Number of protein chains: 2
Amino acid sequence: MTELAPAPTSLPGARSASRQTAGTVRVDHDDLLRFTAEVFTAHGIPPERAKAAATALCHGDITGTTSHGLVNLTRIYLPLLTSGRARADAEPRVLADRGATVLLDGQGALGLWLAGEAMDLAVRRAAEYGIGLVSVRGGTHFGCAGPHALRAVEHDMVGVVASNCGHQRIARPPGGRVPMLGTNPLSVAAPAGENPPFLLDMSTTTVPTGKVRAAARAGDEVPEGWLADDAGAAVTDPTRFDGGEAHLTWLGGSGSAQYKGFGLALMVEVLAALVPGAGLGPSQAALAVDGAPDDNIGYLVLAIAPAALRQPGIYQREAGSLFGALLACPPVEPGGEVSYPGVPESRQAERSRRDGVPLGDGLFTELSALAGRLGVAPPAVC
Amino acid sequence: MTELAPAPTSLPGARSASRQTAGTVRVDHDDLLRFTAEVFTAHGIPPERAKAAATALCHGDITGTTSHGLVNLTRIYLPLLTSGRARADAEPRVLADRGATVLLDGQGALGLWLAGEAMDLAVRRAAEYGIGLVSVRGGTHFGCAGPHALRAVEHDMVGVVASNCGHQRIARPPGGRVPMLGTNPLSVAAPAGENPPFLLDMSTTTVPTGKVRAAARAGDEVPEGWLADDAGAAVTDPTRFDGGEAHLTWLGGSGSAQYKGFGLALMVEVLAALVPGAGLGPSQAALAVDGAPDDNIGYLVLAIAPAALRQPGIYQREAGSLFGALLACPPVEPGGEVSYPGVPESRQAERSRRDGVPLGDGLFTELSALAGRLGVAPPAVC
C-alpha cells in the first residue's frame, strides 16, 4: 500500500475536523472531480472524455448514491480499461440516422462518457424534432443512469436513459430457476421549475447488486424483501447472493406485483438492447458469448423538448406548480416532509459542494493508494 | 330492468352448456364487439370510431383483464358521453407538428378511440423518423392502455402508451396526507417473433382502483399490500378505499422501494401530462378545476420502428430468441411454467375467440338490459 500523499489544498488540522461521522473523510468537491479525471487520463482516456466520465462517476458519491460511485473505480472501470474490454480511444460509429433517431455503435467506449455523449446528441435532435432517440449498442457500464439523463435538464428538456446489462444474467424470471436478465436500470430526469429537478434513477429489481455487495462488504444484513432463495423465502445475509444461494427480487416483491418489476426489466431489455441490437440477456447467444457477459451493453437515450411543442417557459411554470405542490403536501407525521425523487440527491449534492464529498475511510485509503501508484495527487481533504 | 332479449346467434341449450364456471356466461367474441360498437353508435359515436372503441374496451374481457373491460361501459364511458364530458363527434386538433413529434388536443374525444388514433399517427411518423411521439392533451379515459400500445405491434413496431388521470388525485406521495396523483398507467408492447407479443400494462400503484372496486363489489377481501391506512398499516377491506380510510400503495409497497413506484407515477405525469399541457394532479389548478377532476387527461403515445434502423427481419429474429428463451426457462417447481407479460393475455384471448368471452352473470344481465333500452341485440351467448 502506497503511503498517502499530502492533501494539497487542505489546511492544517482540517482533516480531523472534516470527520463528521466515524469512518468518513470529506474531500473537496472539485478536487475529487480533478483526481478522478486524472485517473482516467492516466489510463489513456482523452482529457475531455475523462472529465465527463469523472462527473458521471462522482455523481454517485456527491449525491449519496454511493453504491454507484467511486467504489466502482477500481472494481469496474479500471479493470474494463486495463483488460481492453473498454477502449479508451474508441470512436463511436453512426450506423443509421433518421433525423429524430440515431443508431450508434459505441465500439466499447467507456460508458461513463459514451452515455453522456449520446444524450447530448439526443438533445440536439430533440431541439429540431421535439424528440431525439439515440439507440446505442456496443456500450460498457455507464455508472448511475441519473447524471446522463440530467444532461437533458440543462437544456430544459426531459431525459430518459435506460440500459440493459449485455449478456449478463443476474435475475430470474418469476417461477424460473435460471437467471435471465440484468438489473436493467431506468432513469428519468425532468426540469421542475424553481424546485430541484425530478430525478428517478432505479434498478427494476428491488435493489441493484451494488447495494447488496455494499452490505456484504460492511458485514450488514439486508432488509427482508431484497433477496429470496430458490423457494422464495426471504434471505437477509447478503453474502449468499454472490454465493448463488439468494436471488434479487423484482420491484413489487412477491405476489402478482413482481410481474410489474419483471415487465419493466423486459421493457428496458426491449428498448435499450433489442432495438439497437446489443447483447441480450435471455438468448441462445448469451450462452455462447464471446467475451465477458456484460460486453455489448445497450442503452436507450431519449430527450423530449417541451419548448419545441409549446410556448417557451410554460413547461417550467407548470412543472414548478406540479413539483412545488408535492413539496407542500401536508405530511402524515407532524414535522414530517414530503419529497420526490431527486430532492434528497440535490440537497446532498449541495452539501457536498459546500462541505466536501463524504468518502468512507476505506475508499479514501484505496483512492489515495491509487493516486500514489499513478503519480497523481489524491483528492484534497476539506 | 328490461327483460333480456333472446341471444340471436346462440343454439338452443347452448347457454347452460356455456356456463363453465358458476356465475359466468360465455358470449360470442365477434358479437360482443358488434354489440359494444352498437352501444357506442347509439350514443352518437361515428361507426368507425365506435368499432375502434369497442375493440379497446372489450380487450379487457377478452384477455382476462376484467377490471378494465365492459364493467366500465355503464360506469365510466356512457356517463362520460351522456354528461357531455366526452364528445362523440370531437375532432382532435394538431397544435404543433415537428415531424417526429405531434402535439394533439383530443378535444374531449372518447379516449377508447382517441388513444388508438394517436398510436396510428405515431406509427406513421416512426416509419419515417425511427420514432414517433404523439403527445396528447384533452383526452378522456382510454380503458386498458395495452390495446393502444399493441397497435404498434401490428406494424412490427414497439409501442409505449401512458396516461395520467387529469386533475384526479387518488394516491398520496410517501409520507403525505393528501392524495396528489392518479394511478398513472403505463403500457409497453413489442413484437416477440413467433411468440405472443410482449405486453406490459400496469398501474404504477400496486393495483389500480378497478381491482379494489371489483373486490368490493364481489364482497371479497384484498391481499395485504394493496391498501394501507393513514399510519401505513395494511388494510384488506376494499370498501374502506372508497370510504377514504384506505389508500392505494405504490408499486414497491412499503420501505424505500415505494419511491420507485411513486417515481414511475411521476415519470408518467411528466411524460403524459406535463409535456402536452394536460390537467395535472398536483397543482394549484387541480384544486380550482373547472369541470370534473379527470377531464383533460394527458397521454404519452410513442412508437419505435426497429426496421427504420436495422435490416428488416432482424429485430423479429432476435425478439423471437429473447422471448423464446424466457418461455424455455427451466421452472423452479417441476411442471411449472415460466412466462412473460402478454402471454397469459394472448392465451386467454385465444380461448375467448374459440369458446366465447366469459362475462359474469351480473355484467351479462346489465349489458342485456342496456341492449333492451337502446334497442340493439344483446351479445350472443355461445
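Hydrogens, waters and symmetry mates play no part in the numbers below; they use all other heavy atoms, side chains included. Predicted, not measured: the structure shown is a model, and the values here were computed from it. Here is how names work: the chains are called A, B, and so on, in the same order as the sequence lines, proteins then strands, and each is numbered from 1.
Between Val332(A) and Arg172(B) the shortest side-chain heavy-atom distance falls below 4.5 Å.
Contact annotation for Ile304(B): only side-chain heavy atoms (C-beta onward) come within less than 4.5 Å of a heavy atom of chain A. Within the 4.5 angstrom heavy-atom criterion, atoms from both the backbone and the side chain of Val275(B) approach chain A. Using a 4.5 Å cut-off between heavy atoms, Pro276(B) contacts chain A through its backbone alone, with no side-chain atom that close. Met180(A) touches chain B through its side chain: at least one heavy atom from C-beta onward sits under 4.5 Å away, while N, CA, C and O do not. Only the backbone of Glu128(A) comes within contact range of chain B, with at least one heavy atom under 4.5 Å from a heavy atom of that chain. The part of Arg137(A) that comes within reach of chain B is its side chain, from C-beta onward, which places non-hydrogen atoms under 4.5 angstrom from that chain. Contacts between Thr205(A) and chain B at a heavy-atom distance below 4.5 Å involve the backbone alone (N, CA, C, O).
Ranked by heavy-atom pairs shorter than 4.5 Å toward chain B, the options Asp230(A), Leu186(A), Leu266(A), Leu271(A) are led by Leu266(A). Note: Arg310(A) leads Arg310(A), Gln258(A), Arg125(A) in heavy-atom pairs under 4.5 Å with chain B. If you tally non-hydrogen atom pairs under 4.5 Å between each of Ala257(A), Gly232(A), Gly255(A), Ser203(A) and chain B, the highest count goes to Ser203(A). Interface check for chain A: of the options Leu103(B), Val178(B), Ile131(B), the most heavy-atom pairs under 4.5 Å are formed by Ile131(B). Each of Gly342(B), Gly336(B), Ala319(B), Pro174(B) has some count of heavy-atom pairs under 4.5 Å with chain A, and the biggest count is that of Ala319(B). Per-residue heavy-atom pair counts under 4.5 Å with chain B were compared for Leu302(A), Leu95(A), Leu133(A), and the maximum is reached by Leu133(A). For the set Val338(A), Leu251(A), Asp97(A), the entry with the most heavy-atom pairs within less than 4.5 Å of chain B is Leu251(A). Taking Gly99(A), Pro306(A), Pro173(A) one by one and counting their heavy-atom pairs under 4.5 Å with chain B, the maximum is reached by Pro173(A). Ranked by heavy-atom pairs under 4.5 Å with chain A, the first of Gly253(B), Ser135(B), Ala96(B), Ala308(B) is Ala308(B). Chain A forms more heavy-atom pairs under 4.5 Å with one residue of Gly277(B), Gly261(B), Pro223(B), Ala231(B) than with any other, namely Gly277(B).
Listed by chain and residue number, Asn164(B), Cys165(B), Leu181(B), Thr204(B), Ala265(B), Val268(B), Glu269(B) satisfy the side chain to side chain contact (heavy atoms under 4.5 Å, CB included) test with Asn184(B) (two or more places apart in sequence, or in another chain). Legend: residues meeting ring-ring contact (aromatic ring centres under 6.0 Å, His included) with Tyr299(B), ordered by chain and number and at least two apart, are Phe142(B).
Phe323(B) and Leu274(A) get closest at one heavy-atom pair: CE1-CD2, 4.4 Å. For the residue pair Gly263(B) and Phe198(A), the shortest heavy atom distance occurs at O-CZ, 3.4 Å. Between Val270(B) and Ala190(A), the shortest heavy-atom distance links the atoms CG1-CB, 3.9 Å. Considering all non-hydrogen atoms of both residues, Tyr340(A) and Phe262(B) come closest at CA-CE2, 3.9 Å.
Counted within 6.0 Å of CD on Glu245(B), heavy atoms from surrounding residues, nucleotides or ligands total more than 12; the atom is thus considered enclosed.
Interatomic distance, CG of Leu264(A) versus NZ of Lys260(B), reported as 10.0 Å (0.5 Å rounding).
A donor-acceptor pair under 3.5 Å links the side-chain atoms of Arg98(B) to the main chain of Ala127(A), judged by distance alone. With hydrogens and angles ignored, the 3.5 Å screen pairs no side-chain donor or acceptor of Arg177(B) with any backbone N or O of Cys329(A).
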